[in-house]
Protein chains: 2
Amino acid sequence: MATLKALAREAGVSIRTVNRVLKSQGYVGGETRRLVEAAVAKLGYQPNLAARSLKTAKSHIVAVLAFASDEPRMAQVAALERHLREAGYLVSVTFHLESGDGKQGARVVRELVGQHPAGIVLVGSGQHDPHPLWHILPALVAPLSAARMPYVVLDPRGEPAQACDAVKIDRGQGVREAVLFLARERGRKRIAFFGPTDDRTRLDGYEAALRVLGREPILLDFPGLEAAAQREAGRKLAALPVKARPDAVVVHADPIALSFLAGLHDGGVRVPQEVALVGFDDRPAAALAWPPLTTVAQPSAEIGKAGAAILLRKIAGERSPRGGWSQVLPTRLVVRETT
Amino acid sequence: MATLKALAREAGVSIRTVNRVLKSQGYVGGETRRLVEAAVAKLGYQPNLAARSLKTAKSHIVAVLAFASDEPRMAQVAALERHLREAGYLVSVTFHLESGDGKQGARVVRELVGQHPAGIVLVGSGQHDPHPLWHILPALVAPLSAARMPYVVLDPRGEPAQACDAVKIDRGQGVREAVLFLARERGRKRIAFFGPTDDRTRLDGYEAALRVLGREPILLDFPGLEAAAQREAGRKLAALPVKARPDAVVVHADPIALSFLAGLHDGGVRVPQEVALVGFDDRPAAALAWPPLTTVAQPSAEIGKAGAAILLRKIAGERSPRGGWSQVLPTRLVVRETT
DNA sequence: TTGTACGCGTTATCAC
DNA sequence: GTGATAACGCGTACAA
C-alpha cells in the first residue's frame, strides 16, 4: 500500500511536491511532474481515505438508512449510489426493516449521526408498514437538524407534518392520468378506487379526475393490508350484479391490485373486458401478472439522481430554501393488458 | 465532536486513562473510572473512526459489490449487513447493474480493493443476465486473491471454474423435493421441466427426482430469456391435446414461470387442475400471482448470515480450507395454489 | 495505577 | 518552484 512518502522517495522529490502534482494545484516543473507521475503509475498509488478524512475532518461516506428492501426502493438507492460515487462518495447502507414507531428509527438515526458521515439519506418504508415514513419523519429529522447533518428523504409517500428536504413524486398526477385514460381512451363509465383512505396522495388524484369528468367518486371498502382480505374484496365485487359493479378500479398499489385481481379471477370476472384495473408503483410483479397489470410507474432512477443532487448541494453548504428542498417528479402511466 | 483529549480535560485525567476506561483494559481506579464515564456521557463522545482506521491500519468498512438489486438479493444483503453491523462493521454497497463481461466487473473490483475495505462481498447477477456471476467469477476473484483481500461470494448460482469462498444454496434439492411432491402428493404423471439447459443447477435436481420415480425426463423447448417468448411457449403447450400435454411443469425461475403461466391462461388451461406449476426463488411476484405460485424459496436471511460469518473469519485471519469455504444451504418448497 | 510522547498518511502553511 | 514541518484523533510502548 503505497503512501505519499514512498512516492516522494521513488521520484526523488518531497512529499509536498507529490501532493501538488496529485491535486494539480500550484505550479510544478514539467520534468518533476513527469517523475512523480511515473512513480504513481509504478507503485499503483491509492490515497488512504482514512488519513484524508482525519486531516480534512470531512467524511467521504454517505449513509443510507433503508426502511425497506423492495425493488423500486433499491432501484432508487442504486441510482443515488451511482451519482454519489461519481462525486467521490462511498455509500453505506443500513437496513432497518423491522417495522417500528419513530422512536426506534430515531435511535438508529442518532447512531448514524454519531459516525459522522458526510450526509444521510432516508429511504421510505414499504407498503405494508403500519408506520409509513412520512408519519414518523419528524422524529427522524429532528436529530439530523439538531446535528446540522446534511440529509435528504427519498419519497416519503405523503406530506410530513413538518417541512423537510425530500424528493417527492406526484402520485396524484399519475392516478389522475390513469382515471382520464380509463374514461376517455377506454370508455369506462364507473371508475372506482380501492385503497386506504387515510393516505390522501392517490385518492386526491382520483377525486380530482372524477371532478374533471363530472362524476361521483366510488370508494370501495378497503379491508386493510392483509392480502387475503383484499382478495376476498375482489371476490365480493365479482359476486355483484354487473349493473351494480364498477367497470374499472384504480388501486392504491400494485400488491393490493394483484391480490384484488386474484379475487376477480376467483369470481370469474374477465379482466379487462368486464372490469379494468390499474395499480401503482410498477413493481416487477405487475409486468408478470396475468393479465400484465397497467400501472403508474415511479421514476426510480430520477428519484435517486435528484436525491444525490440535493444532498451534494447541502454537503457543499448551500442552505435549504424556505420549506425545505422539495423536488417533485412526475409519474408515468404504463399501459399493459388490464385496461 | 468530542475527542479523547476533550474527555481527558473534562475528567481531569490523562488521555491514556480515558482510553483504558473505554477499552476496559488494565486497571483503573474506581473513582477515576466514574469521572471518565461521566465525561463520556456529558460530552456524548463518539470515537473518530477515521483516526482509528488510520492508526490501526484496519478498515471498519466491508464493501458489497451488487450485480443486481432484486428483492431476494437485497434481502441477502440486508441480513449480511445486520450481522456485520453487530460485529462493528459498516457496509458500503456499490451497484454494478449494467450487465457486462468479466472485464468491467474486474475493474470495479480493483477499484474497491484500492479503497482498502476490511473485506469484499460479491452478490450475484440477476436472472436475465447473459453473464451469470459464476461464469465471470474467476476474473473477479483473481484480483481479490492477489491482494489477499478477504472476500465471500453470496450464491454464485452455479459452479465456478475455480474454487472460491462462497455461500451456496442447494437448488437441486429444492427442485427434487418439488418434483417428488408433485408425483406423490399430487399424483402428477407427466412432470416436465421448463428452463435453460446450459444451467445444470436445477435441471440436475429435476433429473435426479425422475430417476427416483423411474420416469423419463420431459424437457420443454426453452425459447430464451424474453418474457414474450416464454408466454408464447405457454400458449403452445395449452394448444396441445390433453394427452400430449404434461400435467405438471417445474420451471427454472419465478419470472419465467409467471410468463409461462400467462400463456397457459391465454390458452384457457386451468391451473392447477390441468397443469400444475412450480417456480423457483419465491420472489414477491410469486405470492401475488393468480393462482399464487408454488415455488422453491431460497433462505435469503441465512445466506446473508452465513456470508457474514465466513467473511468475519477470513478478516480475522483464518485461512480458507482446501477448495475454499463453501457452505451449502437447503432450499424450501413453499406450497401455494398452482399445485 | 496513571501520564508522556510518538506515529499512522494526508493536507496545507510557511519559508526558501 | 520546491522542501520542511505541523497538525488531525487515536492507540500504545514506555516511563514514572
Side-chain angles (χ1 to χ4, degrees), chain A residues 1-40 42-61 88-90 113-118 315, chain B residues 1-40 42-61 88-90 113-118 147:
Chain A
M1 175 164 157
T3 68
L4 282 188
K5 198 198 274 184
L7 287 183
R9 197 160 4 139
E10 177 73 23
V13 297
S14 80
I15 290 180
R16 181 70 184 99
T17 305
V18 175
N19 182 252
R20 301 187 111 186
V21 171
L22 292 177
K23 293 297 192 66
S24 41
Q25 63 180 201
Y27 295 98
V28 184
E31 176 61 11
T32 318
R33 155 164 284 125
R34 277 223 310 288
L35 278 171
V36 171
E37 281 164 353
V40 167
K42 182 177 173 194
L43 300 185
Y45 171 76
Q46 295 281 140
N48 181 322
L49 298 177
R52 179 176 291 171
S53 288
L54 175 59
K55 178 59 194 175
T56 60
K58 287 195 175 82
S59 173
H60 61 287
I61 296 175
Y89 290 92
L90 199 65
V113 170
Q115 304 188 348
H116 305 286
I315 289 174
Chain B
M1 176 164 156
T3 68
L4 283 187
K5 200 198 271 182
L7 287 183
R9 198 160 4 139
E10 176 72 24
V13 297
S14 80
I15 290 179
R16 182 75 183 93
T17 305
V18 174
N19 180 255
R20 301 188 111 186
V21 171
L22 292 176
K23 293 296 196 61
S24 41
Q25 63 181 203
Y27 294 97
V28 183
E31 177 60 13
T32 317
R33 153 165 287 124
R34 275 223 313 287
L35 278 171
V36 172
E37 280 163 354
V40 168
K42 183 178 174 196
L43 300 184
Y45 172 76
Q46 296 281 140
N48 181 321
L49 298 177
R52 180 177 289 172
S53 288
L54 176 60
K55 176 63 192 173
T56 60
K58 287 196 177 84
S59 172
H60 63 285
I61 296 175
Y89 290 93
L90 200 64
V113 169
Q115 303 189 346
H116 305 287

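- The CG-C1' distance, from B:Leu49 to C:dC8, rounds to 16 Å in whole Å.
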Side-chain atoms of residues 31-38 of chain B: list all donor-acceptor pairs with protein atoms under 3.5 Å, sequence neighbours left out, distances to 0.1 Å.
{"unit_1": "B:Glu31", "atom_1": "OE1", "unit_2": "B:Arg34", "atom_2": "NH2", "d": "2.8"}

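- For the pair B:Ala50 and A:Leu54, the tightest heavy-atom approach, listed with the atom from each and the gap, is CB-N, 3.9 Å.
- Distance, B:Leu7 CG to C:dG3 C1': 16 Å, rounded to whole Å.
- For B:Lys58 and D:dC10, the NZ to P distance is 17 Å, given to the nearest whole Å.
- The CG atom of B:Leu54 sits 7 Å away from the P atom of C:dG9 (whole-angstrom rounding).
- Distance, A:His60 NE2 to D:dC8 P: 21 Å, rounded to whole Å.
- Minimum heavy-atom separation, B:Ser59 to B:His116: CB-O, 3.2 Å.
- To the nearest 0.5 Å, the span separating CG on A:Asn48 from OG1 on A:Thr3 amounts to 9.5 Å.
- Put simply, A:Arg52 has no side-chain N or O that comes within less than 4.0 Å of OP1 or OP2 on C:dG9.
- Residue whose closest nucleotide on DNA chain C sits further toward the 5' end, between A:Ala2 and B:Ser14: B:Ser14.
- At the phosphate of D:dC10, OP1 or OP2 sits under 4.0 Å from a side-chain N or O atom of B:Tyr45.
- Rounded to a whole Å, the CZ atom of B:Arg9 is 13 Å from the C1' atom of D:dG9.
- A:Leu4 has its CG atom 14 Å from the P atom of D:dG3, to the nearest Å.
- Residues B:Ala8 and B:Ser14 share a closest heavy-atom pair of CB-C, 3.7 Å.
- Heavy-atom minimum distance, A:Tyr89 versus A:Ala118: CE2-CB, 3.6 Å.
- Rounded to whole Å, the distance from CD on A:Gln115 to C1' on D:dG9 is 16 Å.
- Taking OG from A:Ser53 and CD1 from A:Ile61, the interatomic distance works out to 7.0 Å, rounded to the nearest 0.5 Å.
- Heavy atoms of B:Ser53 sit nowhere under 4.0 angstrom from any nucleic acid atom.
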All N/O pairs under 3.5 Å across the protein-nucleotides 12-16 of chain C interface:
{"unit_1": "C:dT13", "atom_1": "O4", "unit_2": "A:Arg16", "atom_2": "NE", "d": "2.9"}

